[in-house]
Asker: 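Take this structure first; my questions come after.
Chain identifiers are assigned alphabetically (A, B, ...) following the order of the sequence lines, protein sequences preceding nucleic acid strands; residue numbering begins at 1 within each chain.
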Amino acid sequence: MIAAIEKLNPEQRKAVEATEGPVLILAGAGSGKTRVLTVKIAYMIQERRIPPGEILAMTFTKKAAEEMRSRIRKLVGSENGLWIGTFHSVFAKILRREAPHFGYSTDFVIYDKEDQERLVKQVLEGLGHSPKQHPPRMIAALISRSKNSLITPQEVLSHPQTPVEKVVGEAYAAYQDALRSNQAFDFDDLINVPVEIFRAHPSVLQKYQSRFRYLLVDEYQDTNRAQYLLLAALAKAHRNLCVVGDDDQSIYGWRGADLRNILEFEKDFPETAVFRLEQNYRSTKNILKAASSLVDKNVHRKKKTLWSDRESGEPLEMLEVEDELEEAHRVVEKIRDEVFRKKRNFNHFAVLYRTNAQSRAIEDGLRKSGISYVIVGGVRFYERKEIKDVLAYLKVVANPRDTLSLKRIINFPVRGIGDTSMQKIETWAARSGLDLFNTLERIDEVPDIPARVAKSARGFHDLIRKYMTLKDAISPGELVHALVDEIGLIRLYKDDTSIEGQGKLENVRELLSAVHEYTKQSEDPSLSGFLEEIALLTDIDNYHPKSAAVTLMTVHCAKGLEFPVVFVVGLEEGLFPLSRTLENLNELEEERRLFYVALTRAKEKVVLLWARTRNTYNSDGYRMSSRFLDEIDRSVMQFNRDEPRRSARKAVFSREDDSFDREFDAPVERRASFRKSNTFRSGMVRGQRVEHETFGWGQVEEIEGSGPRQTCTVRFDDGIEKKFLVRFARLKTME
DNA sequence: CGGATTTAACTTTTT
DNA sequence: GTTAAATCCG
């Protein structure tokens, strides 16, 4: 323990030893922030003799929390009673305990974003708004934004600025009512409801103030207004609040993170001791210089100067390529080269991108060359439809008042209870003031329900009832197993011989083993506990670096990680920075910080790529390189232009490029549908002989326009004349 | 009512 | 190119 402190630099050490009063640690990228935090907690326990039970440490991902816990355990031997967790899981736990005193159920369920949107949709329909005019997604996002800032429905409604705001206010109010009657909380509620409880009941606040006499917060720049108020309330009495953050790494503004929390911390806590960790231990001087020169362009930031005593290292490489295929190809090429020349392992590499959609091209490239990869993020396991179906059953068993989940499963697998019957049941339920689940028991009283439907509904009711009784008698693992068995899911998917069906089967099996795993691991396994745990999982939580695989993920996902070699792809204006951020300075600065985060993930080497053309579903054509590339100090950059690899083989206009396969003919399992690329290449002339996949050979009669919209008219040898968009036609020429 | 087929919408990042 | 929602038909 003492040794751990002595390894710290002077500033880090001071930050560790300042255990009393408010502390703000401004920790630059790679400055050993996690180390300071863990050594600090260990120091508090061992040197200052603070009981671990009085310390509460909060992070944003479960992974960060677990890492911190295990490091502390190594330092002090035990961390019994120490509270470390994500904001959401800590307060979910507190809510489970406190909710019954305030008119909520202990068995509340947690709604994720999809549930939230579904409920908003229902609410909007109830208010008579068409989903066309008011997309539930958008309204849900606006509601969430209000909630992040602790604005009530009444406040939204009191002076609506726009017609939309009026709808939002109404929907917000109805949405909160619906949540309450479903006994559900959304993510925002897990923070907001505790704030409300603490506000309204000082004695409860006091209880937690004295329970948690020391608060520590990681990634403080990502906190939103509500989270800040929660911290401020808890810290009000003892003022032992230590926050660690870096305003340059604030990349969650769109989710309500409020930079004022960090920029104005000293205003709210005037006696704050501030420590700046500016020595970077991660990256080479060149990488650091590049990153600093970039982020220096931001106006809204606390000035700081990161420095490093590491070697200069290689310059950052910039590659200009033709399109996303070329991009993937160059990434593959570089990886091979580095592995060969520098004896690197595949897990030394990360490919980072702005949007998940970009992963496909890179994936294809890696797969074709036989390099294995792990992809983090994208569609998460617990958000897959088949998984959410099973989870909906579990939610209803845990809390039958969750009508959203109930409606999801009442006719899955098919029971013959269709929309028409549901309408009747719901109307009757609303009129008689019963909830849906109890209505099912009294289905005979509902008018106009066919006998077959009624029988089926009773069967469903009995099924849920049975598991409600079972849930306290058997383990969650056994329960889920029996339930999945009884509703015949495994059989259902087994009969489905399609690829998707097999995938679903796999996923359901994986869910079963996840529940068993949870049952084994948890001290006090319960159905609600399991549901809560998975509701609060994040992408990165499931990331286990494999030794022989390249990592692919979004830049957001990469925060907090590091790799020897980092590729950042898609550095084009409109993609990174994303086009919609261009008009708003704050958003543009956030994009710049995001790129800063990407650069500072690298320890030794950075390769930046941009493509002159890129196919996305709604736009293609020519692109400009990202402004961020121009903002990096040129002295640490090396520019490389891609040589179009065109051999004496067939010239390809709009290509279906097979050169890729041929050059790297690693064993390729071809996908069922061969993905075609439609990149335009100029060079077509009138009178030229061309070959079309289905029409055969012909002659170019006419060429109109240029660029991506260029068209050509071809008279085929059988006399038929066709007009094509050049970039879609995939025409080939003779040698 | 259920299943199959067609259509539209979608892509920013996520606790 | 993928997926959920809308539409059609038995």
Asker: Hey, is R593(A) close enough to D247(A) for a salt bridge, meaning N to O under 4.0 Å?
Answerer: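 D247(A) and R593(A): not salt-bridged.
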Asker: By a strict heavy-atom criterion of less than 4.0 Å, which residues belonging to residues 245-261 of chain A are in contact with DNA chain B?
Answerer: Y252(A), W254(A), R255(A)
Asker: Within this structure, what is the CZ-to-C1' distance between F87(A) and dT14(B), rounded to whole angstrom?
Answerer: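 Result: 16 Å.
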Asker: Any chance you could lay out the side chain to side chain contact (heavy atoms under 4.5 Å, CB included) test for Y252(A) and H556(A), step after step, and finish with the verdict?
Answerer: CA-CA 9 Å; Y252(A) 287 107; H556(A) 279 93; 3.7 Å; yes
Asker: Check every strand shown and say whether F60(A) touches a base, only sugar-phosphate, or nothing at a heavy-atom separation below 4.0 Å.
Answerer: sugar-phosphate
Asker: Is E326(A) reaching over with its side chain to a backbone N or O of A611(A), donor-acceptor style, under 3.5 angstrom?
Answerer: no
Asker: Tell me if the aromatic rings of F185(A) and Y104(A) count as close, with their centers under 6.0 Å from one another.
Answerer: yes
Asker: With nearest nucleotide decided by heavy atoms, which residue, V414(A) or P135(A), maps closer to the 5′ end of DNA chain B?
Answerer: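 Between the two, 5'-proximity favours V414(A).
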Asker: I need the CG-P distance between D222(A) and dT13(B), as an integer number of Å.
Answerer: 17 Å
Asker: Would you mind telling me which residue lines up with the more 5' stretch of DNA chain B, R415(A) or R580(A), judged by nearest nucleotide?
Answerer: R415(A)
Asker: For residues 403-416 of chain A, tabulate all N or O donor-acceptor pairs below 3.5 Å that involve a side-chain atom, not counting sequence neighbours.
Answerer:
unit_1, atom_1, unit_2, atom_2, d
T403(A), OG1, N182(A), OD1, 2.7
T403(A), OG1, N182(A), ND2, 3.3
S405(A), OG, D402(A), OD1, 3.4
S405(A), OG, D402(A), OD2, 2.6
K407(A), NZ, Q122(A), OE1, 3.2
K407(A), NZ, E426(A), OE1, 3.0
R408(A), NE, D389(A), OD1, 2.8
R408(A), NH1, E114(A), OE2, 3.2
R408(A), NH2, K385(A), O, 3.4
R408(A), NH2, D389(A), OD1, 3.2
N411(A), OD1, R415(A), N, 2.8
N411(A), OD1, G416(A), N, 3.2
N411(A), OD1, I417(A), N, 3.2
N411(A), ND2, I417(A), O, 3.1
R415(A), NH1, Y393(A), OH, 3.4
R415(A), NH1, I409(A), O, 3.0
R415(A), NH1, I410(A), O, 2.9
R415(A), NH2, Y393(A), OH, 2.7

Asker: Whole angstrom is fine here: how far is it from CZ in R384(A) over to C1' in dA4(C)?
Answerer: 17 Å
Asker: Quick one: is R354(A) getting a side-chain N or O under 4.0 Å of the dT13(B) phosphate, OP1 or OP2?
Answerer: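 Looking at the OP1 and OP2 atoms of dT13(B), neither is under 4.0 Å from any side-chain N or O of R354(A).
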Asker: Please list residues of residues 225-234 of chain A whose heavy atoms come under 4.0 Å from any atom in DNA chain B, ordered by number; otherwise none.
Answerer: none
Asker: Please check if atom CE in M624(A) has more than 12 non-hydrogen atoms from other residues, nucleotides or ligands closer than 6.0 Å.
Answerer: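 For M624(A), atom CE is not crowded (no more than 12 foreign heavy atoms under 6.0 Å).
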Asker: Does the R96(A) side chain pair with the main chain of F108(A), one donor and one acceptor, at a distance under 3.5 Å?
Answerer: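 Judged by distance alone, yes, a pair lies under 3.5 Å.
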Asker: Roughly how far apart, to the nearest Å, are dA5(C) and dT12(B) at atom C1'?
Answerer: 23 Å
Asker: State whether the side chain of E590(A) and the backbone N or O of G253(A) hold a donor-acceptor pair below 3.5 Å, judged by distance alone.
Answerer: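 Checking the backbone N and O of G253(A) against the side chain of E590(A), a donor-acceptor pair under 3.5 Å is found.
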Asker: Does T554(A) put a side-chain nitrogen or oxygen below 4.0 Å from OP1 or OP2 of dT12(B)?
Answerer: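 No, because none of the side-chain N or O atoms of T554(A) sits under 4.0 Å from OP1 or OP2 of dT12(B).
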Asker: Testing R225(A), Q221(A), Q227(A) for side chain to side chain donor-acceptor pair (under 3.5 Å) with N261(A), which one passes?
Answerer: R225(A)
Asker: Between atom CE in M138(A) and atom P in dT12(B), what is the gap in whole Å?
Answerer: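 Taking CE of M138(A) and P of dT12(B), I get 15 Å after rounding.
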Asker: Using a cut-off of 4.0 Å on non-hydrogen atoms, how would the nucleic acid contact of S421(A) be classed: base, sugar-phosphate, or nothing?
Answerer: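 Sugar-phosphate only.
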Asker: Verify the neighbour count for atom CZ of R384(A): are there more than 12 heavy atoms of other residues, nucleotides or ligands below 6.0 Å?
Answerer: yes
Asker: Within the structure, does a side-chain N or O atom of N356(A) lie under 4.0 Å from either OP1 or OP2 of dT13(B)?
Answerer: yes
Asker: Can you tell me how far P in dT13(B) sits from the matching atom in dA4(C), rounded to whole Å?
Answerer: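 Nearest-Å result for dT13(B) against dA4(C) at atom P: 16 Å.
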Asker: Ignoring the backbone of R137(A), work out which of dT12(B), dT14(B), dT11(B) is nearest its side chain.
Answerer: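 Of the candidates, dT11(B) comes closest.
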Asker: Report yes if a side-chain nitrogen or oxygen of N411(A) is closer than 4.0 Å to either non-bridging phosphate oxygen (OP1 or OP2) of dG2(B); otherwise report no.
Answerer: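 Checking dG2(B) against N411(A), a side-chain N or O does come within under 4.0 Å of OP1 or OP2.
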